[in-house]
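Following: one structure in structure tokens, then a few remarks.
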Amino acid sequence: MKKILIILAMGSLLFGCSQAEEEGEKYLLQGVWTARHGEFPTGETWDYPTESGNSFCRIFDGDSMVYKCRLSVTGGSMVVMPLEKCEVTLIDKGRGDVFYLENGDPHPLTIINDSSIIIQQNGIRNTWVRDDRLTQEWGTEMRNLIAGAQQTEVESEARHYVLSAVVRQQESTIHRLVYILLGIVIVLGILAQRVIASQRSKHRLQRQLQQIQEEHDTRPQPVRQAMMEVEQAFFASDEYALLHKRIANGGPLEEQDWDELERLLKQVYPGFTAKLRGLHRMSELEYQVCLLIKLRIPPKDIASVLCRDVSTISTVRSRLYQKVFGRKGGAKEWDEFVLSIGT
């Protein structure tokens, strides 16, 4: 008889109406269902507990798999005892008539509405009610517990699993704290790296300043005299006079003009530009201001050729002093330092 029913069911699947498939998959039983009412063949009835006590629960994964368990609710916790999982086949015979099989065994199923169904099994008609709250809060955990228990436990074993809203909230709080602490550790690590990098940069700058000072103080008098003569000859040259006049007349310099300035400075002060760039990562404006200072160009002419206000040029010089020396200083103090490099 059982084989005949299965054959009939498969025949209905092959030759029945395909309207449901054309409209897309519709999961009639998706979610968590709890037993509410039982009717025995003897006429006796039984109402399952709704708020506390022992009950039975089914978790449908679509309309193809069902996970069964016994459920005990006590306060804010639930005790889940996995029972079994079964493959489910639903066959819509039309006019609201549904043919229902669990692992190939047929059981009469009546769909009352979207939230109530009746399944007859072993002669007992149980009314099942969809529980949206359980579906949202614990559906996934309950299904995974039952699936895991079926894979790892032998039939004679029976284990219970406790699902607690309080424990879940505590775990969620712990996870948030862990993420917060991890974020704090990362931020502190980044800050520590920046502090270390700043200290290293500061020590490197101090060594460079010390080398510049030592080079200036220990330079032999004949070398110093020769450098001074080269410097005086440059500032007395027609080439410098033309350059100074052009800058004094105003107007921005082209890129090739700045290249020429660097070339002239390297001839007179061979190590000046390298030492200047090694002191601080300068912007193009800061670097050009320093070149013009070394050429003895007055601040008002520097402002004119760079198309800036005199106050802006003054601010650039004082800020450079503070960045390099780590203390406040005036624009003239920076000018004196620049003029001392390489001389």
Side-chain angles (χ1 to χ4, degrees), residues 25-41 44-91 98-172:
E25 287 185 314
K26 294 182 179 180
Y27 299 119
L28 300 176
L29 304 179
Q30 176 72 32
V32 178
W33 298 73
T34 55
R36 289 294 177 86
H37 181 74
E39 297 180 6
F40 297 88
E44 297 179 2
T45 61
W46 170 260
D47 290 325
Y48 294 94
T50 56
E51 298 297 335
S52 61
N54 296 319
S55 183
F56 290 94
C57 184
R58 293 181 175 217
I59 303 102
F60 284 93
D61 191 356
D63 292 336
S64 61
M65 186 71 68
V66 61
Y67 299 84
K68 301 179 183 180
C69 67
R70 184 186 293 272
L71 189 64
S72 178
V73 180
T74 56
S77 302
M78 295 188 305
V79 179
V80 178
M81 187 181 78
L83 297 177
E84 62 176 335
K85 68 174 181 178
C86 302
E87 292 183 357
V88 172
T89 302
L90 280 181
I91 303 172
V98 178
F99 193 67
Y100 176 77
L101 297 93
E102 287 185 5
N103 287 341
D105 294 331
H107 301 287
L109 181 144
T110 303
I111 299 177
I112 301 175
N113 51 46
D114 289 342
S115 59
S116 299
I117 60 175
I118 297 176
I119 299 177
Q120 183 172 329
Q121 195 169 11
N122 298 326
I124 305 174
R125 287 168 50 87
N126 284 313
T127 300
W128 299 83
V129 176
R130 190 194 303 270
D131 194 322
D132 292 333
R133 183 187 63 82
L134 274 181
T135 300
Q136 295 174 3
E137 294 184 7
W138 301 107
T140 301
E141 288 87 343
M142 294 169 67
R143 183 191 62 191
N144 292 341
L145 285 177
I146 299 169
Q150 293 298 304
Q151 293 176 358
T152 59
E153 298 176 7
V154 298
E155 187 175 349
S156 60
E157 291 181 334
R159 296 188 179 180
H160 297 73
Y161 301 89
V162 178
L163 299 177
S164 173
V166 175
V167 172
R168 172 187 274 182
Q169 185 177 6
Q170 291 174 345
E171 291 177 349
S172 177

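Values reported hereafter were calculated over all heavy atoms of this structure, with side chains retained and with hydrogens, waters and symmetry mates removed.
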**Request:** Would you please test Lys85 and Asp61 for side-chain contact (heavy atoms from CB on, under 4.5 Å) and show each step?
**Result:** CA-CA 10 Å; Lys85 68 174 181 178; Asp61 191 356; over 6 Å; no
**Request:** Please lay out, stage by stage, how Leu101 and Ile91 fare under the test side-chain contact (heavy atoms from CB on, under 4.5 Å).
**Result:** CA-CA 9 Å; Leu101 297 93; Ile91 303 172; 4.1 Å; yes
**Request:** Given side-chain contact (heavy atoms from CB on, under 4.5 Å), test Leu109 with Ile111 step by step and report yes or no.
**Result:** CA-CA 7 Å; Leu109 181 144; Ile111 299 177; 3.5 Å; yes
**Request:** Could you go through the side-chain contact (heavy atoms from CB on, under 4.5 Å) check for Met78 and Leu134 one step at a time?
**Result:** CA-CA 11 Å; Met78 295 188 305; Leu134 274 181; 3.5 Å; yes
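A donor-acceptor pair under 3.5 Å is formed between the side chain of Gln30 and the backbone N or O of Gly62. A donor-acceptor distance shorter than 3.5 angstrom exists from the side chain of Asp63 to the backbone of Leu28, with no hydrogens or angles considered. The backbone N or O of Val32 lies less than 3.5 Å from a partner atom in the side chain of Thr135, making a donor-acceptor pair.
By the side-chain contact (heavy atoms from CB on, under 4.5 Å) test, Asn122 pairs with no residue at all, sequence neighbours left out. By the salt bridge (Lys or Arg N to Asp or Glu O under 4.0 Å) test, Glu84 pairs with Lys68, sequence neighbours left out. Under the side-chain hydrogen bond (donor to acceptor under 3.5 Å, both in side chains) criterion, His37 pairs with Asp47, not counting sequence neighbours. Under the rule for a salt bridge (Lys or Arg N to Asp or Glu O under 4.0 Å), Arg36 has no partner lying at least two apart in sequence or in another chain. Thr140 meets the side-chain hydrogen bond (donor to acceptor under 3.5 Å, both in side chains) test with no other residue; sequence neighbours excluded. With sequence neighbours excluded, the residues that form a salt bridge (Lys or Arg N to Asp or Glu O under 4.0 Å) with Arg58 are Glu102.
Taking CE from Met142 and CD1 from Ile59, the interatomic distance works out to 4.0 Å, rounded to the nearest 0.5 Å. The OG atom of Ser116 sits 6.5 Å away from the CH2 atom of Trp33 when rounded to the nearest 0.5 Å. Here Ser55 contributes atom OG and Leu71 contributes atom CG; the two are 6.5 Å apart, rounded to the nearest 0.5 Å.
When Leu29, Thr89, Ile117 are each tested for a side chain to side chain contact (heavy atoms under 4.5 Å, CB included) with Tyr100, only one passes: Leu29. None of Phe56, Trp46, Tyr48 except one satisfies the side chain to side chain contact (heavy atoms under 4.5 Å, CB included) rule with Asn126; the exception is Tyr48.
Taking each heavy atom of Pro82 and Tyr161 in turn, the nearest pair found is CG-CE1, 3.6 Å. Counting all heavy atoms, side chain and backbone alike, Cys57 lies closest to Thr34 at SG-CG2, 4.3 Å. Nearest heavy atoms, Trp128 versus Ala35: CE3-N, 3.3 Å.
Listed by first and then second residue, the salt bridge (charged side-chain N to carboxylate O under 4.0 Å, His left out) pairs involving residues 120-134 are Glu39-Arg125, Arg133-Glu137 (not counting sequence neighbours). For residues 111-123, no residue pair satisfies the salt bridge (charged side-chain N to carboxylate O under 4.0 Å, His left out) rule, not counting sequence neighbours.
Within the 4.5 Å cutoff, the side chain of Glu87 has heavy atoms near those of the Asn103 side chain.
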